[in-house]
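Structure first, commentary second.
Only heavy atoms go into these numbers, but all of them, side chains included; no hydrogens, no water, no symmetry mates.
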Amino acid sequence: MISTQQVKNIIKNSSMFGWIYFWVGIVVVKVLQLFIKPNEKQVLFISYSGRQFSDTPKEAFNLLRLDPAYEDYKLIWAFNKPKDFKDSTIKYKISANSPLFFYHLLRSKYWVANSSIDRLIPFKHDENIYIQFWHGIPMKALGHSEIGLAPLVQHWYDNVSFDFMFTYSEYDLQKFKDVFPRTKRFVSSGQLRKQIVKRYDSRMSVERIKAELGIKSDKKILLYVPTFRGYPAKEQTTLTDAALDRLSKDFTVVYRGHYFSKTTESGSIVGADRFSLYKLMIIADVLITDYSSVFFDFAVYNKPVYLFQPDVEEYKVKRGLYFSAEDLEIPVAYSEADLFDLLACEDYDYASLESMNKKFNPHTAEEAVFSFKSIMMHS
């Protein structure tokens, strides 16, 4: 039996089915808008298009949930599989795959997302406030710069109209101006993700998080976060099981795969796909990734970051990059042998992390919190 995700992939990647979906969706939305008026005190949240209860939308949710000024607000979460999310703080949850989703979307005055909340159907929403917290600083190409992007997705990038889009720095501000040309206002005060890091760091002890993961070893923890390619790769993309096993002799290796991919669980490797990335950052002593923006968030801890990019030339051709690892002056390995040599080196250049933070992630958590609450109060 074909799965919901397979249906989504067919719609997204097929020009014919994509446009049928788009025009049917537009008609449905336009009809619903004739009858549905937004509730001034209703907020709809979605994270990674309904896949998770996480990231900046979760932090925005917690900020409102714990603030007495919003105790009479209806805070709704949209999930692809609502039954999978049993967190006691969620009072209202709906299916993002249900035909009723657009009723709840139009009924909510405020939309809070870190990707698409409109299910790739960008439509005029004069009575709703669309607040976008993108899920990372772009290293890999987006929008028109992304090679081989499906027509439906490209149309969304070109036409979606965010009322407010939060950015980390001047770098991603300029990139997002090009990627999302119809954004009404960019908010250059950093991201609420820094508030997540701050909150977990102050409330969660390292030993408690390790216990949740079942980690009993005292070895240093290496967090491995590879990204999803989205195309059939000819080159090596991830560390082999043999390399992971070798790393596990010196480290406790925690493997957190992209939400489109499956974690490798080999031997003593700890799989953590459903675990909070920000908790993992707290316990990790070292991060290895490839093209994921996660390293920008990890850098604030001033702990070593290494990039493993054996397929960088293929990636440039098939996906596209805005800049190279060398531009950041952080260690990059193009083979497993290179990576082990880098890890064996005792002198890590922490100044490169400080420089990267100043350029790409300079704002405090408090600045983003103030900006978000100002939008909620005055929009």
Practice prompt. Any pair with a residue in residues 23-33 that passes side chain to side chain donor-acceptor pair (under 3.5 Å), sequence neighbours left out, goes on the list, sorted by first then second residue, please.
Written response: none

Worksheet item: Can you list the steps and then say if Y224 with I269 is a side chain to side chain contact (heavy atoms under 4.5 Å, CB included)?
Response: CA-CA 10 Å; Y224 179 41; I269 308 305; over 6 Å; no

Discussion item. For Y306 together with Y348, are the ring centres under 6.0 Å from each other?
Written reply: yes

Worksheet entry | Name of the residue among Y92, F79, F53 meeting ring-ring contact (aromatic ring centres under 6.0 Å, His included) with F85 | F79

Discussion item. Just to verify, what does K175 make a salt bridge (Lys or Arg N to Asp or Glu O under 4.0 Å) with, not counting sequence neighbours?
Written reply: none

Discussion item. Restricting to ring-ring contact (aromatic ring centres under 6.0 Å, His included), what partner residues turn up for F180, sequence neighbours left out?
Written reply: W134, W156, Y157, F162, F176

Practice prompt. Name all residues meeting the side-chain contact (heavy atoms from CB on, under 4.5 Å) criterion together with A368; count only those two or more places apart in sequence or in a different chain, and write none if there are none.
Written response: L192

Fill in: Atom OH of Y73: over 12 foreign heavy atoms under 6.0 Å
yes

Discussion item. Between S115 and H135, does the side chain to side chain contact (heavy atoms under 4.5 Å, CB included) criterion hold? Intermediate values first, please.
Written reply: CA-CA 7 Å; S115 54; H135 50 272; 4.2 Å; yes

Worksheet item: When you look at L247 and L239, which way does the side chain to side chain contact (heavy atoms under 4.5 Å, CB included) test go after all the steps?
Response: CA-CA 10 Å; L247 285 170; L239 291 168; 3.9 Å; yes

Worksheet item: Under the side chain to side chain donor-acceptor pair (under 3.5 Å) criterion, do R229 and T227 qualify, and how do the steps go?
Response: CA-CA 6 Å; R229 294 301 185 271; T227 51; 3.2 Å; yes

Discussion item. Just so I know, are the side chains of S371 and F164 near enough to count as touching, which here means a heavy-atom distance under 4.5 Å?
Written reply: no

Discussion item. What I'd like to find out is whether the side chain of Y231 reaches to under 4.5 Å of the side chain of Y315, using heavy atoms alone.
Written reply: yes

Contacts under 3.5 angstrom, residues 279-289 side chains, donor-acceptor by atom type, not counting sequence neighbours:
unit_1, atom_1, unit_2, atom_2, d
K279, NZ, E212, OE1, 3.4
D285, OD2, I221, N, 2.7
T289, OG1, V225, O, 2.5

Worksheet item: Going through the distances and angles, do Y171 and F296 end up as a side chain to side chain contact (heavy atoms under 4.5 Å, CB included)?
Response: CA-CA 13 Å; Y171 165 77; F296 288 108; 5.7 Å; no

Discussion item. Any donor-acceptor pair under 3.5 Å linking the side-chain atoms of S248 with those of R246?
Written reply: no

Item to complete: Just jot down the side chain to side chain donor-acceptor pair (under 3.5 Å) partners of R119, sequence neighbours excluded, or say none.
Response: N80, N97

Practice prompt. For the residue pair H155 and F22, categorise the inter-ring angle as parallel (less than 30°), tilted (30 to 60°) or perpendicular (more than 60°).
Written response: perpendicular

Practice prompt. Return yes when atom NZ of K124 has more than 12 non-hydrogen atoms of other residues, nucleotides or ligands closer than 6.0 Å, and no otherwise.
Written response: no

Fill in: With K184 via salt bridge (Lys or Arg N to Asp or Glu O under 4.0 Å) - residues at least two apart
D163

Item to complete: Please check if atom CD in E329 has more than 12 non-hydrogen atoms from other residues, nucleotides or ligands closer than 6.0 Å.
Response: no

Practice prompt. For the residue pair L44 and I94, establish whether any side-chain heavy-atom pair is separated by less than 4.5 Å.
Written response: yes

Item to complete: Keeping the roles fixed (side chain from S47, backbone from P57), state whether a donor-acceptor pair exists under 3.5 Å.
Response: no

Worksheet item: So, are D311 and R319 salt-bridged, with charged N and O less than 4.0 Å apart?
Response: no

Worksheet item: Quick one: CG on L277 to CG on D297, what's the gap to the nearest 0.5 Å?
Response: 7.5 Å

Practice prompt. State, with a plain yes or no, whether a side-chain heavy atom of F295 is found less than 4.5 Å away from one of L328.
Written response: yes

Worksheet item: Does D55 have any salt bridge (Lys or Arg N to Asp or Glu O under 4.0 Å) partners at least two apart in sequence or in another chain, and if so, which?
Response: R193

Response to the item:
Sorted by chain and number, sequence neighbours left out, side-chain contact (heavy atoms from CB on, under 4.5 Å) with E326 holds for S324, V332, Y334

Worksheet item: So does Y350 have more than 12 non-hydrogen atoms from other groups sitting under 6.0 Å from OH?
Response: yes

Worksheet entry | side-chain contact (heavy atoms from CB on, under 4.5 Å) against Q236, all qualifying residues, sequence neighbours excluded | T240, F308, P310, E336

Worksheet item: Looking at residues at least two apart in the chain, or sitting in another chain, which of them share a side-chain contact (heavy atoms from CB on, under 4.5 Å) with E207?
Response: S205, K210

Discussion item. If we check side chain to side chain contact (heavy atoms under 4.5 Å, CB included) with K194, which of these qualifies: T56, T364, N361?
Written reply: N361

Item to complete: State which residues pass salt bridge (Lys or Arg N to Asp or Glu O under 4.0 Å) with D72; sequence neighbours excluded, sorted by chain then number.
Response: K41

Discussion item. Side chains of F275 and V270, heavy atoms from C-beta outward: is any pair under 4.5 Å?
Written reply: no

Discussion item. Taking the side chain as everything from C-beta on, heavy atoms only, tell me whether F61 gets closer than 4.5 Å to V43.
Written reply: no

